[in-house]
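Throughout, a chain's letter reflects where its sequence line sits, starting with A, and its residues are numbered from 1. For clarity, every value in this text was computed on a predicted model and none was experimentally measured.
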Amino acid sequence: MGSLRALTVSQQIGLLFVAIFGLLILATVLAFWRSLKEMTPRQAALHHRFVLDLRAVWIGTVLFWISWALGAAVATLLFAVVSFLALREFITLTHTRRADHRALLAVFFVVLPLQYVLAAGRAFNLFSVFIPVYAFAVLPILAALGNDATRFLERTAKIQWGTMVCVYGMSHAPALLLLSFPRYEERGAFLVLYIVIVVAVAQITHELVARRLRRRPIARHINRNLSWRTWLASALAGGLAGGLLYWITPFKPPQSFLIAFIAAGCAIFGDLVMKAMKRDAGIQRQGSTGSVTGAVGLLDRVAPMCFAAPVFFHSVRWYFGA
Amino acid sequence: MTRPEAVGLALSFLARLITGAQGHWYGCPPKAEQRIYFANHQSHFDWVLIWASLPRDLRAQTRPIAARDYWTATKLKHWITREVFNAVYVSRVRTEDEDPLEPLAEALRNGDSLVIFPEGTRGNKGDPAAFKAGLFHLAEQFPDVQLIPTWIDNVQRVMPKGEVVPVPILCSVTFGAPMQLARDEDKRTFLTRARDAVVALRSVAA
């Protein structure tokens, strides 16, 4: 694999895209072949879930490819749009009151754009604290000005948490794109791809492993499929994928494995948190079944990424002093 | 493409961006039949939402009702309601010799579909207010036109009364099964039944 590192950037990109699209095509063909066989309802449901995950990976990869071709500015914009859609879904699912109107406007039309502008401008110091410090101070003020004390803490927490996941978390993906290391210029996009692949591998592994490995769930009331073993398997698979991809990163193989392991572990727990949130909002069905509110399940797809990306970003930045 | 068409597309894009504007055809397919859609009314956004959730080829022949005094007051309002939405104007001030339903009846005679909000005014409570008699009279005069109950969900959260800028929140429009005026059904029974049909769609939407 060391020789892969010696290739030029464009050769590496070419190779990577050939490999990824090849794998995706292979997975799609396998999924199709499997769909021709008889399945029990449970298997059919799992298969359906898998097909949806696969489709999400397809869309993500194609979008990534487009943004790669069109540059970092387009990629940042693209992630900003995804962030907007995810936040819209989050706010739809939580119950806000009339007095929150101004705070919500601020989140959508001030905080979200500013966060992405900060990312695009590589102002990473302010970028890291803008939402958890400044936005979190201003949002409760705006909500309080709405003159409604009913469930104030709960409402504020919901809005802030939505901002944290959908804006702060998501914005770290394009930030990775723009992060520059010594002797690693122009390759930030690889880090985005890296984290996307690691998270996707962890999620898909979790789907597959959870069928075979029925162990005591960690949190029975939230997700019956998640046990310590399935978590470990998914995080290991993510770590392994990261380890194998070390040549597109600035890391050495063991570092790469460890960082990917942490990110994948976070992603799986992120999925758990999102499920808990949905249970709390009274949504039993998982997304993508076309619930009538129009919440299409985008949040389900991006939440693991939103949890993994900040941890990944900050650990990388801290470690390399970038 | 003409300018009204372009503005229409831009408006429906905006509505989709902010609310998703999902149309759910629960009791009837989106077909080019003559119909009266009647819906709960909570916001100025309601009409745009219904309009954006209709398939494009149905939009041209589905017309809203606009209060003449308000929607012709400025050039822009007049242009949008006339050219983009093809609205049916009604006057709110009632004169002695004029039937307020006449413009609606004329549109129906022309074969157009209508969207009406039978509560008469925007409500801000969860349940729709009692329906006004207009729907009953139209159903009496045009027994062949399908009456489609319609539930608009979530829109009050997008733009509460008194606010100007909409918050992006997903909304949906649920279209129910067509209903008709039964033989010998009196006004009150019919209007209650119609309102119940709209309210019943709420549980479908949730």
Heavy atoms from other residues, nucleotides or ligands near CD of B/Gln180 exceed 12 (cutoff 6.0 Å): no
Options A/Phe108, A/Phe109, A/Phe84, ranked by heavy-atom pairs under 4.5 Å with chain B, top entry: A/Phe108
B/Arg3, CZ atom: more than 12 neighbouring heavy atoms under 6.0 Å: no
Straight-line distance of A/Glu89 CD to B/Leu170 CG, nearest 0.5 Å: 6.5 Å
Inter-residue atom distance B/Ile169.CD1 - A/Phe90.CZ, 0.5 Å rounding: 12.5 Å
Residues A/Arg98, B/Glu163; criterion salt bridge (charged side-chain N to carboxylate O under 4.0 Å, His left out); working and verdict: CA-CA 10 Å; A/Arg98 278 190 61 173; B/Glu163 298 286 349; 5.9 Å; no
Nearest heavy atoms of B/Arg157 and A/Thr96, plus distance in Å: NH2-OG1, 3.1 Å
Segment of B/Leu17 engaging chain A (4.5 angstrom heavy-atom cut-off): both
Atom of B/Val165, atom of A/His101 and distance for their closest heavy-atom approach: O-NE2, 2.8 Å
Under 4.5 Å from a heavy atom of chain B, the part of A/Arg102 involved: side chain
Leading residue by heavy atom contact count with chain B [cutoff under 4.5 Å; candidates A/Ile91, A/Leu104, A/Leu105]: A/Leu105
CG (A/Asn147) with more than 12 external heavy atoms under 6.0 Å: no
Atom OH of B/Tyr26: over 12 foreign heavy atoms under 6.0 Å: no
